[in-house]
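Shown next, in structure tokens, is the structure this report addresses.
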Amino acid sequence: MTDRWPAVLLVIALGGNLSAQTERPAPRPAAPASAAAAAKSPGAGPVLVVETLKGTIEVETYPNEAPKTVDHILALVKRNFYNGQRILRIVPNQLVQFGDPQTRDMTKQAWWGRGFDAGSGKSIGVAEFSKKRLHRIGSVSMAHPGDAREADSQMFISLSAQPKWNSQYTVFGQVISGMDVVRKLAVTDRIVRVTLRPEPAS
């Protein structure tokens, strides 16, 4: 994977004025009661809890439409793959991207988002496009270096509807709470941890 991720090449032109921001970590909220937790859509799977220095984002997943993608991401989350990474790229009004383990090292910033070490080392191997799960505000999709089957760990959250991406990038989730946090994020902001929201007892 030596090319820049095509979904976000526009940042080369726009990203020069992005500045790093340093803030104290927000206190980790107590686990919400099931009644207070953001409701999942019918057919949604496990919920990812993305804790950042600016707040928490919850993402429902879609294993019915993107089973291999969801399985791959859940496996990475369970092994703490995303903990301590940083936001690697933002295209204003379009997307926020993360998922490159190189972002833990500020000296490698020139390589963030590309190169052989920009993922887990194992691609998903399939493109799972769906007419049901489209690119809209808050959709969560897999970035890739030119072929959707080569997507690995990098993902992006859409800041606006982007129908042109619907047959190019696999949508595997949707932000169900914390979109205000997504809009506050800046390049180099740190992701404290990504975990799975506990399922309520049946």
Side-chain angles (χ1 to χ4, degrees), residues 1-26 48-57 59 61 68-92 94-125 127 140-159 165 168-173 175 181-196:
M1 299 186 293
T2 57
D3 298 328
R4 287 190 181 273
W5 303 90
V8 289
L9 287 177
L10 184 58
V11 80
I12 295 172
L14 298 175
N17 60 0
L18 296 173
S19 59
Q21 297 182 11
T22 303
E23 296 190 3
R24 295 185 178 209
L48 308 180
V49 180
V50 182
E51 296 177 59
T52 77
L53 294 179
K54 292 181 176 174
T56 300
I57 305 156
V59 176
T61 59
K68 291 186 181 297
T69 302
V70 171
D71 283 350
H72 182 80
I73 295 301
L74 294 184
L76 293 177
V77 168
K78 289 174 182 177
R79 66 185 235 214
N80 301 321
F81 178 84
Y82 294 99
N83 296 3
Q85 292 187 18
R86 292 181 173 89
I87 301 302
L88 69 93
R89 192 168 286 125
I90 291 177
V91 179
Q94 291 191 42
L95 60 87
V96 173
Q97 185 171 339
F98 66 95
D100 179 354
Q102 296 177 122
T103 59
R104 294 189 185 100
D105 187 345
M106 292 296 295
T107 69
K108 296 181 178 179
Q109 190 168 3
W111 284 94
W112 288 5
R114 63 192 180 103
F116 291 108
D117 297 324
S120 74
K122 182 179 179 182
S123 62
I124 296 168
V140 186
S141 311
M142 297 305 299
H144 60 75
D147 183 338
R149 295 171 296 182
E150 295 179 14
D152 178 358
S153 62
Q154 292 189 45
M155 63 184 76
F156 60 93
I157 301 173
S158 295
L159 299 174
W165 294 343
Q168 298 181 46
Y169 304 93
T170 297
V171 175
F172 75 92
V175 173
V181 175
V182 176
R183 296 189 183 281
K184 294 175 186 175
L185 293 172
V187 171
T188 76
D189 277 350
R190 192 163 64 86
I191 296 167
V192 178
R193 64 183 64 83
V194 179
T195 56
L196 299 179

Evaluate the side chain to side chain contact (heavy atoms under 4.5 Å, CB included) criterion for residues Thr52 and Ile57: first the C-alpha distance (whole Å), next the side-chain angles of each, then the deciding distance (0.1 Å), finally the verdict.
CA-CA 8 Å; Thr52 77; Ile57 305 156; 4.2 Å; yes
Do NZ/NE/NH1/NH2 and the carboxylate oxygens of Lys54 and Asp189 come within less than 4.0 Å?
yes
For Arg104, all residues meeting salt bridge (Lys or Arg N to Asp or Glu O under 4.0 Å), sequence neighbours excluded:
none
Under the rule for side-chain contact (heavy atoms from CB on, under 4.5 Å), what residues qualify as partners of Asp105, not counting sequence neighbours?
Thr107, Lys108
Report yes or no: do Ser120 and Asp152 form a side-chain donor-acceptor pair below 3.5 Å?
yes
Considering all heavy atoms of both residues, which atom of Ala143 and which atom of Tyr169 are nearest to each other, and what is their separation?
CA-CD2, 4.5 Å
Do Ile124 and Arg149 pass the side chain to side chain contact (heavy atoms under 4.5 Å, CB included) test, and can you show the C-alpha distance, the side-chain angles, and the key distance before you say yes or no?
CA-CA 6 Å; Ile124 296 168; Arg149 295 171 296 182; over 6 Å; no
So, using side chain to side chain donor-acceptor pair (under 3.5 Å) as the criterion, who are the partners of Thr69 when residues are at least two apart?
Glu128
Mind listing the closest non-hydrogen atom pair of Met155 and Ile73 along with its distance?
CE-CD1, 4.0 Å
Hey, mind stepping through Phe98 and Phe156 against side chain to side chain contact (heavy atoms under 4.5 Å, CB included) and telling me if it holds?
CA-CA 6 Å; Phe98 66 95; Phe156 60 93; over 6 Å; no
Listed by chain and number, what are the side chain to side chain donor-acceptor pair (under 3.5 Å) partners of Gln85, not counting sequence neighbours?
none
List in chain and number order the residues that pass side chain to side chain donor-acceptor pair (under 3.5 Å) with Thr103, two or more places apart in sequence or in another chain; answer none if no residue qualifies.
none
With a 4.5 Å cut-off on side-chain heavy atoms, are His72 and Phe172 touching?
no
If you look at every heavy atom in Ile191 and Tyr82, which pair is closest and at what distance?
CG2-O, 4.0 Å
Between Ala118 and Ser153, the two heavy atoms sitting closest are O-OG, 3.9 Å
Side-chain contact test, heavy atoms from C-beta onward, threshold under 4.5 Å: evaluate it for Ile87 versus Thr188 and give yes or no.
no
Heavy-atom closest pair, residues Val77 and Val194
CG1-O, 3.4 Å
